[in-house]
J.: 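Dumping the structure here so I can ask a few things about it.
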Amino acid sequence: MNANKKIFPSDFLWGAATSAFQVEGGYKEEGKGENTADTRCAMKKRTQADNSIAADHYHKVSEDVALMKELGLKAYRFSICWSRIYPNGNDEQENEKGVAFYDHLIDELVKAKIVPIVTLLHFDIPTQLLSEYDGFASRRAIDDFDRYARFCFNHYGDRVNYWLTINEQNVMMSIKEMVGETETDPVKLVKRMQQINYHLFMANAKAILSCHELLPNALIGPAVSYPTIYPASCDPKDMFAAKTAQDIMAFSYMNIYVYGEYPAYYTNYLKVQNALPKTLEGDELILKGAKPDYLGLNWYCTNVVKAGKPESEDKESRSMGDLLHVIKNPNLDYTDWGWSYDPIGFRIALRECWDRYHLPMMITENGWSSVDVLENGQVHDQKRIDYLHDHIEQMRHAIDDGVEMIGYNTWSYIDLLSSSDGFNKRYGLVYVDREEFDAKECKRYKKDSFYYYQKVIHANGEKLTFE
Ligand code: BGP
């Protein structure tokens, strides 16, 4: 690669991301209704922090946006909490205070010249819809989600041009509580989850169509979790296990979003489990008509897959049924939570998605978690700096390889509640001074990675190493 070549366009969206239940707090304030994230957090609150205060962003919006401005962010990805707008998911009237909260945030961002990137659903489905009609197991949720999405497009669309429909539908399918599912019989559970999955695809499609109708100049797409999967060896059995895992967990989702139909291998997989979803005439037109404008990718790491069950003495491996299991990659470093550090894997992933879909891509999440330590007002998070450096460098290579990228949002802007593992698993550029069970005042401190990313943004990614 020619070192002097300019790689990033001048309007490249250098951003950082959060989600409502992980950052906001204020979980019962100003009319907010309960959602599935509240329920999940409440289930674990004896062993880890919950979302009642989180990073207290609900009360610190102006301070947080001022720090984003100082950081030089060009974009900020956040999610709107559906049950702040409609506490029961489908109320006749919007909750004015909830609407005003996001108005205030968006206005502050626009004033600071930071582009808002808004996710409509990030793991928080209004609980009332579950009691009323079974949530996304019912088709009614598709229309209620569309109504909520249309409100957001109409109300915030004068200031928001980038939208994301559903965050990590593929992850929601592996954690049933995220969709409020309580079925315990494994056979019935698979069937119900696949019906929910189908309705989420429909909800994604309808929201895209509504966005295109109401905001013809805006861009909208899904945010997919995409851990790249390597085979443990060149044994065809391992190769096939890795391919199958990758297809079922990530590419089938992307295919359905982009092409509007279930790939045959996915339908076969559902048939075997007697879990083909019920569909209606006319659905196909909606699914095929709703082409995303871009693909949001949450990419953190790679995994290694081996065919068959693990040998019993293999303590490091995680089994996924009889078909395959995940093992550690001896070539890579891992976080304390077992997520690998693999920048080259990132380049591979970007090339793969570009070749498959030829859609512009936005990295909607990418980051490194650690237990950070605050000492004399400073946090020396060198590993996070290395992670940013190495992944942005590989993204540059991917762009040079021909991949079209429109933005990069590191996860996360600020320390926040992990989606499953409490508060001490930190990802932020900004440190939040709180403990797992003592939220203290949630005072903000800029980590070393804050200053590093500030320089990268200032150099528009053309320079990644600084004195
Ligand atoms: C993604 C989610 C985020 C975020 C991130 C890190 O799956 O979209 O909400 O939490 O992963 O995961 P975790 O918080 O479990 O470390």
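Counting starts at 1 for both ligands and their atoms, in listed order. Bear in mind the structure is a predicted one, so any value in this text is a computation, not a measurement.
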J.: Among all protein heavy atoms, pick out the one at the shortest distance from atom 7 (O) of ligand 1; state its residue, atom name and that distance to 0.1 Å.
T.: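 Ranking protein heavy atoms by distance from atom 7 (O) of ligand 1, first comes Glu168 OE1, 2.4 Å.
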J.: Looking only at protein heavy atoms, which one is nearest to atom 6 (C) of ligand 1, and what is the separation?
T.: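 Protein heavy atom with the smallest distance to atom 6 (C) of ligand 1: Tyr427 OH, 3.4 Å.
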J.: Starting from atom 14 (O) of ligand 1, what is the nearest protein heavy atom, named by residue and atom, and what distance separates them?
T.: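 That would be Ser419 N, 2.7 Å.
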J.: Quick check on contacts: which atoms of ligand 1 are under 4.0 angstrom from a heavy atom of Ser418?
T.: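 With Ser418 as reference, the close atoms of ligand 1 come out as 13 (P), 14 (O), 15 (O), 16 (O).
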J.: Within a distance under 4.0 Å of any heavy atom of Lys425, pick out the atoms of ligand 1 and give their elements.
T.: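 Within the 4.0 Å cut-off of Lys425, ligand 1 contributes 13 (P), 15 (O), 16 (O).
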J.: Which residue holds the protein heavy atom closest to atom 12 (O) of ligand 1, what is that atom called, and what is the gap in Å?
T.: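 Nearest protein contact, heavy atoms only, for atom 12 (O) of ligand 1 is Trp339 CH2, 3.4 Å.
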J.: Should you measure from each heavy atom of Asn167, which atoms of ligand 1 turn up under 4.0 Å away?
T.: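 Listed by number with element: 8 (O).
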J.: Is the backbone of Trp299 close enough, under 3.5 Å, to the side chain of Asn366 for a donor and an acceptor to pair up by distance?
T.: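 The answer is yes, because a donor-acceptor pair under 3.5 Å joins these two groups.
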J.: Kindly assign one of parallel, tilted or perpendicular to the pair Tyr156 and Tyr102, based on the angle between their ring planes and the thresholds 30° and 60°.
T.: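 Rings of Tyr156 and Tyr102: perpendicular, over 60°.
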J.: Below 3.5 Å, N or O to N or O, backbone or side chain included: is there any such pair between Asp421 and ligand 1?
T.: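 Asp421 vs ligand 1: no N/O contact under 3.5 Å.
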J.: Looking only at N/O atoms, are Ser19 and ligand 1 under 3.5 Å apart anywhere?
T.: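 Ser19 vs ligand 1: no N/O contact under 3.5 Å.
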J.: Ile406 versus Tyr162: any side-chain heavy-atom pair under 4.5 Å?
T.: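 Sidechains of Tyr162 and Ile406: in contact.
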J.: Closer than 4.0 angstrom, basic N to acidic O: yes or no for Asp415 and Arg434?
T.: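 Not counted as a salt bridge, because no side-chain N and carboxylate O are separated by less than 4.0 Å.
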J.: Of all the non-hydrogen atoms in the protein, which one sits nearest to atom 5 (C) of ligand 1, and at what distance?
T.: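 Residue, atom and distance for the closest contact: Tyr300 OH, 3.2 Å.
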J.: In terms of atom number and element, which parts of ligand 1 are under 4.0 angstrom from non-hydrogen atoms of Asn298?
T.: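 Heavy-atom distances to Asn298 below 4.0 Å select 8 (O).
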J.: Nearest protein heavy-atom contact for atom 2 (C) of ligand 1: which residue, which atom, what distance?
T.: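 Checking every protein heavy atom, the shortest distance to atom 2 (C) of ligand 1 gives Glu365 OE1, 3.4 Å.
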J.: Any chance you could lay out the side chain to side chain donor-acceptor pair (under 3.5 Å) test for Glu393 and His397, step after step, and finish with the verdict?
T.: CA-CA 6 Å; Glu393 182 176 59; His397 288 315; 5.0 Å; no
J.: Suppose we measure from atom 10 (O) of ligand 1 to each protein heavy atom; which comes out shortest, and what is that distance?
T.: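 Answer, as residue, atom name and distance: Gln22 NE2, 2.9 Å.
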J.: Between Asp134 and Arg192 (salt bridge meaning N to carboxylate O under 4.0 Å), is one present in this structure?
T.: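 Between Arg192 and Asp134 there is a salt bridge, with a charged N closer than 4.0 Å to a carboxylate O.
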J.: Counting heavy atoms only, which part of Trp337 comes closer than 4.0 Å to ligand 1: side chain, backbone, both or neither?
T.: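 Neither; no heavy atom under 4.0 Å.
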J.: So, Tyr27 versus Phe21, ring centres under 6.0 angstrom or not?
T.: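 No, too far apart.
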J.: Please verify the inter-ring angle class for Trp82 with Tyr148; under 30° counts as parallel, over 60° as perpendicular, anything in between as tilted.
T.: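 Because their plane-to-plane angle is under 30°, the rings of Trp82 and Tyr148 count as parallel.
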J.: Does NZ in Lys443 sit with more than 12 non-hydrogen atoms of other residues, nucleotides or ligands closer than 6.0 Å?
T.: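 Atom NZ in Lys443 is not packed in, count stays at 12 or less.
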